[in-house]
Structures are given as structure tokens and as C-alpha cells.
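See structure below.
FYI, side chains are in, hydrogens and waters are out, and symmetry mates aren't considered; it's all heavy atoms of this structure. Order of listing sets the numbers, starting from 1, for every ligand and every atom in it. Predicted model only: the values in this text are computed from it and were never measured.
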Amino acid sequence: MKHTSVTLKEAKKKGEKISMLTAYDYSTAKLMDQAGIHSILVGDSLGMVMLGYEDTIPVTMEDMIHHTRAVARGAVNALVVSDMPFMAYHRSVSQAVENAGRLIKEGGAQAVKLEGGAEFCPEIRAIVRASIPVVGHLGLTPQSIHAFGGFKVQGKTLSAAQKLIEDAQALEDAGAFAVVLECIPAELAALISENINIPTIGIGSGAGCDGQVLVYQDMLGMYANFIPHFTKQFANVGKLMTEAFQRYISEVQAGVFPTPEHSFQMDKGILKQLYSEKEEPA
Ligand code: KIV
């Protein structure tokens, strides 16, 4: 079954939890899709886990389109959501619509995500008016790390919690079909989830959200630079990969790989002729 912005909203109504993971390439997207994931987020976290930047700030529209295209080819049933990178929607409403359109038209995404609360409602309204489904993103919004002073849990004071509750409502009113809640207290995320009609997708925000999202390198132990406290490692693929790489290196060095089984054989007669030609005097 193809998951869409509509089926995700229906899932919340039916009390079914939504599963989302990030992916940035064709093969990973295909594996997730075959596993039955509801939605794949081409997050601008790709700046860190795929491109090796310290944060998501340097990610460009070209980066997002390139990776979104690959994911869209691998995702048959999953809803593909593509992140709008830093400064791709901050300058004007028309810039936001233009860039959201590029992620759909050139990237093949079926929805876009952008960070920010009530202050970005004009942009969200305009993108939704262009028939592009929008996911909001509140709490620890990584594009604002310089304003936050680092990767810190958000919404811990009364005023900050009230602002998040209001922002979530504003996003729903502006037409967003879902909202990611990143690194906010579990009780607050549960309250927001009860207050609004669109699904909340939590990351580090507890079990009261309507769905969950994780960065796949984090849940597979493939990115050791920064391991968020909220991440659960579902498999240590990073360790498996390192061990496989080491085995490959030692087999190549020892001449154990490749064996005839991993090689192509030649017609013996032709081979004989090649050798005799080589041996003929010049
Ligand atoms: O960029 C990303 O991967 C995200 C998730 C962490 C929600 O925004």
C-alpha cells in the first residue's frame, strides 16, 4: 500500500503508530521500503552522516535534490519527505514555494519538511496552496543550533513549553499534515500530540508521539562522531562493516581472495594460442 500524507493522518485517527527513518540513497531506501516503513525522510542530517559536515548548515538544495532522487527511486510504498535546507525558505514566501517545488519536481519527493513554528506559517500556507504536503519540525531544530547555543533539549521552561504548544497548533492551522517533535520532554510531546489532529513524529521526545523517526546511521551504529542519548541501536551494522572491511583487506593481502569461484575462465584453446603467440620469436 502506498503511504501518503492522507494515510498518515488516517493512521493517527485509527491510533496506529507511524514509523519513519531517514535514508539518503537508493539501496537503503529500497531495504526500508521492503521492510514496510511508512515514510522515509531525506533529512538534511545527510550533511553530517553522509557528507561529514559538523552540522546541517552547509547543506544545499542541490545536495537535497541529488539524495532525494536516489531515495525516491528506491521507495515504492513509503512516503518520501525531503528536508528544505538552511536558507532555502528563509528569504521569502516565493523562495520557499520555489524550493519546495524543486524537491517535488526534480527530487521526486512527495512532501517537504521545514523547521520552525508560527513565524514560518506564511511559507507553509503558500507551499500547501501549491498542493505540496508539508511536515513541520519543532523543538531542537538543528538549523538553529547557533541561536540555541548547541544541541540542547527544548521546551523545558513554562514559556518555552507554551510556545511549542502554540507553534504546533499554528502549524496545523497553516495546513501542515504532520509535525516532527525533536528533543522535547516526553510529557510535553504527549500533551502536544493530544492537542492537535495531525500526527506528531517524535525523535528523542518519548512514546506519547503518534510516530517515531530515527537517523538510520544512529540506529545501526554507523556514525560514532555523535551518539544522541535518545538513540536505540537496533543492530551494530557499523561493527559488522568494519569487521568485513578488515577481513577483505587481509584476504587481498594474503592472496586468498579472489578464488577461481570469484573469477571468469577462458577457453583453453584460445589461452594456448595467446601463450604460443607470446613465445614466438620477433
Ligand atoms: O534531518 C533530519 O534527519 C531530521 C530528523 C532528525 C528529524 O530532521
Side-chain angles (χ1 to χ4, degrees), residues 8 18-25 28-29 32 37-61 63-68 70-71 75 78-89 99-100 103 107 109 111-117 120 124 134-145 148 150-155 164 167-168 171 176-184 189 192-193 198-206 209-220 222-223 225-234:
L8 261 55
I18 297 161
S19 59
M20 178 188 258
L21 282 169
T22 67
Y24 317 97
D25 67 280
T28 312
M32 287 175 185
I37 199 83
H38 288 96
S39 177
I40 297 178
L41 170 66
V42 190
D44 61 354
S45 50
L46 69 84
M48 297 167 79
V49 295
M50 298 298 290
L51 304 178
Y53 298 134
E54 268 181 29
D55 51 48
T56 61
I57 305 293
V59 175
T60 64
M61 275 299 296
D63 292 332
M64 292 310 305
I65 290 169
H66 175 78
H67 287 272
T68 301
V71 167
L79 169 75
V80 178
V81 181
S82 183
D83 246 343
M84 300 196 66
F86 182 60
M87 292 312 291
Y89 54 100
N99 282 328
L103 292 174
V112 300
K113 175 169 84 58
L114 59 89
E115 298 181 6
F120 283 101
I124 294 174
V134 177
V135 178
H137 186 159
L138 297 173
L140 171 51
T141 43
Q143 291 171 16
S144 305
I145 46 152
F148 291 152
F151 291 98
K152 293 179 182 157
V153 176
Q154 301 295 307
L164 283 172
D167 276 344
L171 294 183
F177 77 89
V179 56
V180 168
L181 299 177
E182 180 161 354
C183 284
I184 68 170
I192 292 173
S193 306
I198 55 173
T200 58
I201 315 284
I203 174 160
S205 298
C209 296
D210 302 304
Q212 298 293 327
V213 57
L214 282 176
V215 171
Y216 93 84
Q217 281 88 346
D218 290 342
M219 58 95 75
L220 295 183
M222 291 171 65
Y223 182 75
N225 298 16
F226 174 67
I227 303 169
H229 152 80
F230 55 78
T231 289
K232 176 172 170 178
Q233 207 177 86
F234 284 78

Check ligand 1 for N or O atoms under 3.5 Å from a protein N or O and list each pair with its distance.
{"from": "ligand 1", "atom 1": "1 (O)", "to": "D44", "atom 2": "N", "distance (Å)": "3.1"}
{"from": "ligand 1", "atom 1": "1 (O)", "to": "D44", "atom 2": "OD1", "distance (Å)": "3.0"}
{"from": "ligand 1", "atom 1": "1 (O)", "to": "S45", "atom 2": "N", "distance (Å)": "3.0"}
{"from": "ligand 1", "atom 1": "1 (O)", "to": "S45", "atom 2": "OG", "distance (Å)": "3.3"}
{"from": "ligand 1", "atom 1": "1 (O)", "to": "D83", "atom 2": "OD2", "distance (Å)": "3.1"}
{"from": "ligand 1", "atom 1": "3 (O)", "to": "S45", "atom 2": "OG", "distance (Å)": "2.5"}
{"from": "ligand 1", "atom 1": "8 (O)", "to": "K113", "atom 2": "NZ", "distance (Å)": "2.9"}

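Residues meeting the side-chain hydrogen bond (donor to acceptor under 3.5 Å, both in side chains) test with T56, sequence neighbours left out: none. Qualifying side chain to side chain contact (heavy atoms under 4.5 Å, CB included) partners for F86, counting only residues two or more places apart in sequence or in other chains: I57, H90, Q143.
Inter-residue side-chain proximity for V42 and M64 is flagged as met; some heavy-atom pair is nearer than 4.5 Å.
A side-chain donor from one of Y24 and S45 sits under 3.5 Å from a side-chain acceptor of the other.
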Side-chain donor-acceptor contacts of residues 177-184 below 3.5 Å, not counting sequence neighbours, with atom names and distances?
{"from": "E182", "atom 1": "OE1", "to": "H137", "atom 2": "NE2", "distance (Å)": "2.9"}

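Note: E115 CD to F120 CZ = 9.0 Å, rounded to the nearest 0.5 Å.
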